[in-house]
Amino acid sequence: MEMEKINENTMRVTLGKEDLAERGISILDLIGNQHDVENFFYSILDEVDTDHEFRDNGAVTFQLVPSGDGVELFITKVDPEAAEKMNLPKDAEFDENNSVMLSNLTPDELDQIGLDKDVTRILKDRMKGNFKSDSKDQRKTSIEQPEKQSSQAPEQPENYVRVIEFETLQDFIDLTRNVIFKASFGSDLFRMDDKYYLVIKFADEEVTSGTVQDVYSTMLEYGKAPKIPPIYLEEHGQVIKTRNAYEWFSYNFS
């Protein structure tokens, strides 16, 4: 394990595969279970913050970024007054320990929450660096969304939603590693009964049924179509990543 103090407010802790194994946890454990992430964060903070500079001085944010066979953990002190003004997403809020996990965020969303500009730049560079890696250039690309003919009748919103079931989280990661979609869609990842479910939603009014089917068919090469409606997953499933799950995994698991 390596610790680097980036500035007076931020430290970066790097842990390799062996470091994680020593602590009895894997990258997939951290991605798939927010409770594990929080426990991991506090255990690492106790190890590296020996003088309690971060733990006992106001609010703290932390961002977990997969890196190679390990992870990088960015820990940032936040002024209490600034913390109250941070534009956090609905599913990201300070807990009873005065800390918040930002790992659901994409690089663009980091601009909106009011972190120190240097910290935001470092996090964005780290995440986008993964996204622009050479391995991405070799990925299969889905068919580009065709122009919608004016004679076509608009579809109902429910026709824009699909659910894909994956036996393992690794199956979903393999998909994000191998396929780039030019079509735009939102995505939420859930876990239920030891399986993983991706809900994709096409919000663009100009989307065509052909585009929806193309994306869906490509994803089914890595998973299968379950007989479970999205509302059931939202009510009974464990949320892994929301809003831009596909994009987030694509950024971080190149």
inquiry  = Please find the pair of heavy atoms, one from R177 and one from Q170, that lie closest to each other, and give the distance.
reply    = NH1-NE2, 3.6 Å
request  = Decide yes or no for V60 and V78: does some side-chain heavy atom of the first lie under 4.5 Å from some side-chain heavy atom of the second?
outcome  = no
Residue pair S250 / T176: nearest heavy atoms and the distance that separates them = OG-O, 3.9 Å
message = Once salt bridge (Lys or Arg N to Asp or Glu O under 4.0 Å) is applied, do any residues pair with D174, and if so which ones, sequence neighbours excluded?
response = none
task = State which residues pass side-chain contact (heavy atoms from CB on, under 4.5 Å) with M1; sequence neighbours excluded, sorted by chain then number.
result = V13, L15, D19, R23, I44, E47, V48
message = Run the ring pair (Phe, Tyr, Trp, His ring centres under 6.0 Å) test against F40 and tell me which residues pass, sequence neighbours left out.
response = none
query = Atom CD1 of I25 and atom CG of N39: how far apart are they, to the nearest 0.5 Å?
reply = 8.0 Å
key: 4.5 Å side-chain heavy-atom contact, Y196 and F172   = no
request  = State the CD1-CG distance between I173 and N178, to the nearest 0.5 angstrom.
outcome  = 11.5 Å
key: Euclidean distance, S99 OG relative to F62 CZ, rounded to 0.5 Å   = 5.0 Å
message = I want to check something: taking the side chain as every heavy atom from C-beta on, are D188 and K241 in contact at a cut-off of under 4.5 Å?
response = no
ask   = Is the count of non-hydrogen atoms from other residues, nucleotides or ligands lying under 6.0 Å from E235 atom CD greater than 12?
value = yes
key: Side-chain donor or acceptor of S187 paired with backbone N/O of A245 under 3.5 Å   = yes
ask   = Do other residues, nucleotides or ligands put more than 12 heavy atoms under 6.0 Å from the NZ atom of K5?
value = yes
query = Sequence neighbours excluded, which residues qualify as salt bridge (Lys or Arg N to Asp or Glu O under 4.0 Å) partners of E22?
reply = none
task = Using salt bridge (Lys or Arg N to Asp or Glu O under 4.0 Å) as the criterion, list what pairs up with E4, not counting sequence neighbours.
result = R12
ask   = What residues form a side chain to side chain donor-acceptor pair (under 3.5 Å) with T14, not counting sequence neighbours?
value = none
query = Given V179 and Y222, is the side chain to side chain contact (heavy atoms under 4.5 Å, CB included) satisfied, shown in steps?
reply = CA-CA 10 Å; V179 183; Y222 293 81; 4.1 Å; yes
key: With sequence neighbours excluded, residues passing side-chain contact (heavy atoms from CB on, under 4.5 Å) with S26   = L28, D29
inquiry  = Between the side chains of K224 and E167, is the shortest nitrogen-to-carboxylate-oxygen separation below 4.0 Å, so that they form an ion pair?
reply    = yes
key: Check: Y197 ring centre within less than 6.0 Å of F190 ring centre   = no
inquiry  = Can you pull out every salt bridge (charged side-chain N to carboxylate O under 4.0 Å, His left out) where at least one residue sits in residues 225-234? Sequence neighbours excluded, please.
reply    = K201-E234
ask   = Who are the ring pair (Phe, Tyr, Trp, His ring centres under 6.0 Å) partners of Y232, not counting sequence neighbours?
value = H236
message = Applying ring pair (Phe, Tyr, Trp, His ring centres under 6.0 Å), can you list everything that pairs with F185, at least two apart in sequence or on another chain?
response = F181, F202, Y246
query = Taking C-beta and beyond as the side chain, do N9 and F54 meet within less than 4.5 Å on heavy atoms?
reply = no
ask   = When you look at L198 and R162, which way does the side chain to side chain contact (heavy atoms under 4.5 Å, CB included) test go after all the steps?
value = CA-CA 8 Å; L198 184 71; R162 296 289 187 275; over 6 Å; no
query = Going through the distances and angles, do V161 and I200 end up as a side chain to side chain contact (heavy atoms under 4.5 Å, CB included)?
reply = CA-CA 6 Å; V161 181; I200 56 175; over 6 Å; no
ask   = Is the CD atom of E2 crowded by more than 12 outside heavy atoms at less than 6.0 Å?
value = no
ask   = Between NZ of K182 and OG1 of T211, what distance do you get to the nearest 0.5 Å?
value = 12.0 Å
ask   = How many angstroms lie between OG1 in T208 and CD in Q213, if you round to the nearest 0.5 Å?
value = 10.5 Å
Close side-chain approach of Q238 and I240, heavy atoms under 4.5 Å = yes
Set of residues satisfying side-chain contact (heavy atoms from CB on, under 4.5 Å) with respect to A225, sequence neighbours excluded = Y216, L220
request  = Measure the CG-CZ distance between L189 and R191 for me, rounded to the nearest 0.5 Å.
outcome  = 10.5 Å
ask   = Which heavy-atom pair separates F166 from M219 by the least distance, and what is that distance?
value = CE2-O, 4.4 Å
key: Which residues share a side chain to side chain donor-acceptor pair (under 3.5 Å) with T10, sequence neighbours left out   = T76
ask   = So do the side chains of I6 and F74 get within less than 4.5 Å of each other, counting heavy atoms only?
value = yes
query = Which heavy atom in L64 sits nearest to a heavy atom in W248, and how many Å separate them?
reply = O-CZ2, 4.1 Å
